[in-house]
Amino acid sequence: MTTLTLALVAAALALALSARFRVASAPLAIGAGVALSALGAPIDSEMLLEGLLLAATFLVFAVGTQLERQAIARYRSAAIGIAALYLGVTAAIAMAVARLVDLDGITVVYLVLALASSSTLLVVDLLRHRRQSFDPFGRLTTGVAVTQDVVVIFAIGLFGPALLGATELGLAGLTIAGLLALTWALSRFVAPAALVRGTLSDEEELLIVLAVLFLFVGLAWGGGLPIVLGAYLAGVVFSRFPVGGVVRGHIASFSDFFTVLFFALLGAFVGIPKPQEFWAEAILIVTVLLLRPVLLLPILRRMQLTVKASMQSMTMLAQAGEVGLIVALVAVGQEHVGEDLVSTVAVVVMVTMALAPMLSSARMVSWLTHAYPQRWPAPTPGRRGHVIVIGAGDGGRAVLAQLEPLAVDVIVIDDDPVALDALTSRGVTTLRGDGTDTSILHQAEAEHAAAIVSTMRDLHDNEQLLARVDGPSVLMRVFSTEDAARMRELGGVPVIESELATSRFLEWYEGAAQHRITTPGSGH
Amino acid sequence: MVGDIAFLEALGIVTLAAAVAALLGRVVRMPSIVSYVLAGLVIGPIAGWIVLGDEPHGALEVLAEMGVVLLLFLVGLELSVDRIREVGKVAFAAGIGQVLFTTVGGLGIAYLLGFGWIDALFIATALTFSSTVVVVKLLDQKGDLHSLYGRIAIGIFLVQDLVVIVILTVLAGLGRAEAMSPGAIATNIGMAFVGMTVLLVGVVLAARFLLPGALGWAVRSPRLLLIASLSWCTALVVAAEALELSVEIGAFLAGIALAQHGAAHDLRRRTHPLMMFFVVVFFVTLGAQMELSAAGDYWFEALVLSLFVLIGNPFIFMVIIARFGYSERTSFSTSVTVAQISEFSFIFAALGVATGLIHADILSIIAMVGVLTIAASAYMILYSEPLYKRLSRWGLLRMFRAGHHEDEAIGGSPLRDHVIVVGMNEVGRRVVEELCARGETVVAIDSDARVLRDLPSRCVAGDVEYPSTLDDAQLPSAKLAITTFRGEASAKLFVHRCQRAGVPVAAYALDKPIAEQLARAGSDRVVESRATSGERLADELAALRVFAEEHR
């Protein structure tokens, strides 16, 4: 109980600091664990290892439940492509580094696998906090992170047996195929029947979920595979909607409890990093933070991603995460590498996860986007009294649909070539670029426009726009009355989304309430 | 993977056995804890799949202990000091009365069954303890922790816990002559009470000066709230152990200290799933640890002693509680809660064997009495109402001369035809205010208790992912529901649950893909934010008439 208490107190402190300073909680929790170890806290080593094993099992299970295919379906092929590129680029860099610092092949493979995935937990947290989960780039980034987890977890499942020989690899492949078939059958038939259509109590439902977890862990272990593969597939069993939602209610607390505990215990396990590893860690950090994103950016641009979306994705994925730590722990557990690998990966994870929020901030992405050269044909000059629509998404297209019958001269500005191409083919004048960029606004002859309609969601973007445009009326959408007041103060004409949504809900309420009065008994 | 896989293997067997036993037990309406203990018996003494006791399974023991800790922590969160104080006198009288009765009665019966005085004394003392964990778990399952009889029962168990501490303290000194002197015993008992006082003062000071601020700050992040509260709880448990008090008392006081806070209800909701699993581990490992090797030779003695616990303990309770003016129903419901022996009884007997004072067979007898009384009392507690009605009809309860009045109103205030609004962002707050202004009964839900302040409606703090949040909002009897969540995962789940409950629901969607998913999940109306605001932007543009002159 003392070891658990110490780990919990360390984790609570890390979470409190994370909430206070808005930094990722995982590196702080690892740091708190390291501090416990450095201060000589009375930690039972056997309990530490068992706790770490259990926490890792639940953590990977929770990661598996995140794989809701429906939510990322549209970005599946892009996500697979990017994840494969990540693996390839990481492998290329690692091989170059291995030549420099004389690493053996097995260590290099584990290192590549450890660094080839970004933290899904951090990506999901950052996107949720920034309300970008449902932006196209947000879905793509989540899709990439989730795909990386799948690739890496299956790769470590096969790598251990591959080292033993072709027969073992074949057997491992068959076991994985069997587990996949079981995953499909349980997620398709058993889980919905038991958890959605069944009449089990909460406790019975929870036990079924956990029994499936341990069943898969046991099957993976029995088949000579790492237990994390079983834990991950067990999570996938419960990832489909609506089962996923029901299961989240049961395991959300487990996920919160074991995730933070995992990082704190891991910190206590690795202790203070050794100074002689410093250069290797520094090279890996630079690789994850800078080298890999720089190499990947041109490739992403060829995949028709916009500059901004590419920058946002790359900066958010420029970190190593929890699956990397699991890879290192599996490698050490199988005695393929020494414990130093865990320590090295932990340092890379701590530093890159701590820097990821800053690196992917709106300001940094905006700066990087402006620094990136891009070309798009400028519209014919000499326009007067036109309307500039910034944004070619749902909002922008809705504005266009309303303006079309009025035969107004419109220029649409957006960063996304795919969305702009669709409009250009319909005869709409388009201009590619950032709607807050002075040169783009100048090309669109904003100073002579009759009005500018901004559908940009970010308040900061709209503030910049108002500061850079003098003359035409600028209309924008904002969510709250507070944001609206700020926009009015700066001379904008805001449309308040919360006000609109409220009136739509009340319309529905009036209709539904009326319907229920005329048809008594409905809904019960 | 680093770490000993044997622990995970044992935990896996425990979990799978519990799940299978719970599903099989469901068919014959067996109380779940009986299923768990039986599952433990199967995987432990019968099949030998896991062996506990000789080989320490450190983390498994911690998980089982965490089950007990979280169970008592939740009881503390549920109850305020005032509500416990209300039942203080009866709990004290019944707790002490039962200890005396069972010790004397058990000693007599054991002696008559042919045991020597020392064996008889150990058996009688082991029969004295009732299981707080068994009873609290069953009360929680029945939703009766708040009830009057539930509170009296919890009060009694706290009194018994203090007695247990004293007995275990005395026992720890057995075998050492210097520790058995009257002076040493008095010192040990005195130390236990000093420890209790120190812990109480510490908790009162923390509850007054430290916790309100800390929790008020932690409430901004549900994860922080959970982890900070659990670390407070386990820290107090460690402190209680250091002061030689029970983990139950430490956990209970930790819960009581947080009970007054606005976030206590949400915290209970978040802790509950963890407790459920860890308590399952506790019961299964309890079954697996049973030492039943001599059970066959002593089945008659075990049966007689079990009947004494099952009938004698409730009898003396009926006598005492009825004397305090409580109704026949309350007295009966409370009395059946003590009809079992406790996990402490096994620890106590094992200590006796370890010190060489009693034979190992006594441990088997006590284990058998434990299995029988825990199983039978689980049925008695879960089905106390039909049992009460039957015994009352047969006139068997008349001798206790208890009243037939109602001690307290049964049930809370039910809601009907209300509107549930989840997600208190600006849209949610506006909708709640407008609906309240139209005279509707509205229940507002959000996971952040801070945004629920100042709303004119009823409020429930919690995530809709937890079924209990929607139970608190009484979803099935609502007439309409609205979700203003911007995240699709929670919105979809809420829509799905509304659809299953037959409640019409409207949902907010940021964009078209989310709107399509919500419509597929069963939303009756989807308010699509971006398209709506886009249309309004065009309307506003037209209203400005900035381009009208040039294009006409």
Side-chain angles (χ1 to χ4, degrees), chain A residues 1-2 4-5 8-9 11-12 15 19 46-47 49-53 134 203-204 206-208 210-211 214 218 227 241-242 245 248-250 252-253 256 260 329-330 332-333 385 394-395 398-399 402-403 408 450-451 453 473 475 477 480 495 497-498 500-502 504-506 508 512 516 523, chain B residues 1-3 7-8 12 15-16 18-19 22 58-59 62 220-221 223-224 226-228 230-231 234-235 238 270 273-274 276 426-427 430-431 434 465-467 480 482 492-493 496 502-504 506 508 510-512 514 525 527 529-538 540-541 544 546-547 550:
Chain A
M1 194 56 89
T2 309
L4 176 66
T5 304
L8 277 173
V9 170
L15 286 176
E46 189 193 349
M47 197 72 72
L49 289 178
E50 290 179 345
L52 195 56
L53 184 67
F134 311 105
E203 188 168 305
E204 288 159 344
L206 175 68
L207 275 177
I208 287 181
L210 297 179
F214 285 109
I227 57 168
F241 180 80
R248 264 199 302 279
H250 294 311
S253 303
D256 285 346
V260 72
L329 290 173
V330 169
V332 173
D394 287 344
V399 175
Q402 301 281 314
L403 292 179
V408 183
V453 183
S473 305
L475 291 82
R477 55 181 192 181
S480 67
V495 161
E497 287 185 341
S498 63
L500 288 171
T502 305
R504 293 285 195 278
F505 277 125
L506 292 174
W508 174 77
R516 287 175 63 83
Chain B
M1 191 82 191
V2 296
F7 151 65
L8 215 55
T15 311
L16 281 162
V62 170
R220 65 184 64 197
S221 153
R223 192 187 302 167
L224 174 59
L226 176 73
I227 300 298
L230 291 184
S231 56
T234 54
V238 170
R270 291 176 191 280
L274 289 171
M276 278 198 296
E426 191 158 310
V427 182
R430 278 168 176 269
V431 171
E434 291 285 343
E465 286 168 351
Y466 293 91
L480 294 173
I482 291 171
K492 262 168 69 181
L493 180 64
H496 171 73
V503 178
Y508 177 87
L510 264 184
D511 60 16
K512 212 173 178 122
I514 299 178
R525 170 86 161 92
V527 174
S529 167
R530 288 189 185 163
T532 311
S533 59
E535 286 163 17
R536 178 58 69 91
L537 276 170
E540 289 284 332
L541 191 61
L544 285 175
V546 284
F547 46 79
E550 294 182 33

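Computed from a prediction, not measured in an experiment: that's the story for all the values here. Each chain gets a letter, A, B and so on, in the order its sequence line appears, and its residues count up from 1.
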Could you tell me which of [options] has the largest number of non-hydrogen atom pairs under 4.5 Å with chain B?
options: A:A398, A:S253, A:G245, A:A211; result: A:S253
options: A:A501, A:S498, A:A12; result: A:S498
options: A:L206, A:L210, A:L207; result: A:L207
options: A:H250, A:E497, A:M1; result: A:M1

Flag the one option from [options] with the top tally of heavy-atom pairs under 4.5 Å to chain A.
options: B:M276, B:R270, B:R223, B:R536; result: B:R223
options: B:I482, B:L274, B:V431, B:L16; result: B:L274
options: B:A506, B:A235, B:A228, B:S529; result: B:A506
options: B:E465, B:E434, B:H496, B:E426; result: B:E426

Between [X] and chain A, which part of the residue has a heavy atom less than 4.5 Å away: side chain, backbone, both or neither?
X: B:L537; answer: both
X: B:L226; answer: side chain
X: B:L230; answer: both

Rounded to the nearest 0.5 Å, what separation is found between the [atom1] atom of [X] and the [atom2] atom of [Y]?
X: A:E46; Y: B:F7; atom1: CD; atom2: CZ; value: 10.0 Å
X: B:T532; Y: B:Y508; atom1: OG1; atom2: OH; value: 8.5 Å
X: B:S231; Y: B:L224; atom1: OG; atom2: CG; value: 9.0 Å
X: A:L8; Y: B:T234; atom1: CG; atom2: OG1; value: 5.0 Å

query = Around atom CZ of B:R430, are there more than 12 heavy atoms of other residues, nucleotides or ligands at under 6.0 Å?
reply =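 It does: B:R430 CZ has more than 12 such atoms within range.
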Part of [X] within contact of chain B (heavy atom distance under 4.5 Å):
X: A:E203; value: both
X: A:M47; value: side chain
X: A:V260; value: side chain
X: A:L4; value: side chain
X: A:V453; value: side chain
X: A:L506; value: side chain

request  = State, yes or no, whether a side-chain contact exists between B:V427 and B:V527 at a heavy-atom distance under 4.5 Å.
outcome  =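 Side chain of B:V427 against side chain of B:V527, heavy atoms only: no contact under 4.5 Å found.
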query = Are any of the side-chain heavy atoms of B:L8 and A:F214 separated by less than 4.5 Å?
reply =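 When only atoms from C-beta onward are counted, A:F214 and B:L8 do touch, with a gap below 4.5 Å.
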ask   = What heavy-atom pair brings B:L493 and A:P242 nearest, and what distance separates the two atoms?
value =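 Reported closest heavy-atom pair: CD1-O, 4.3 Å.
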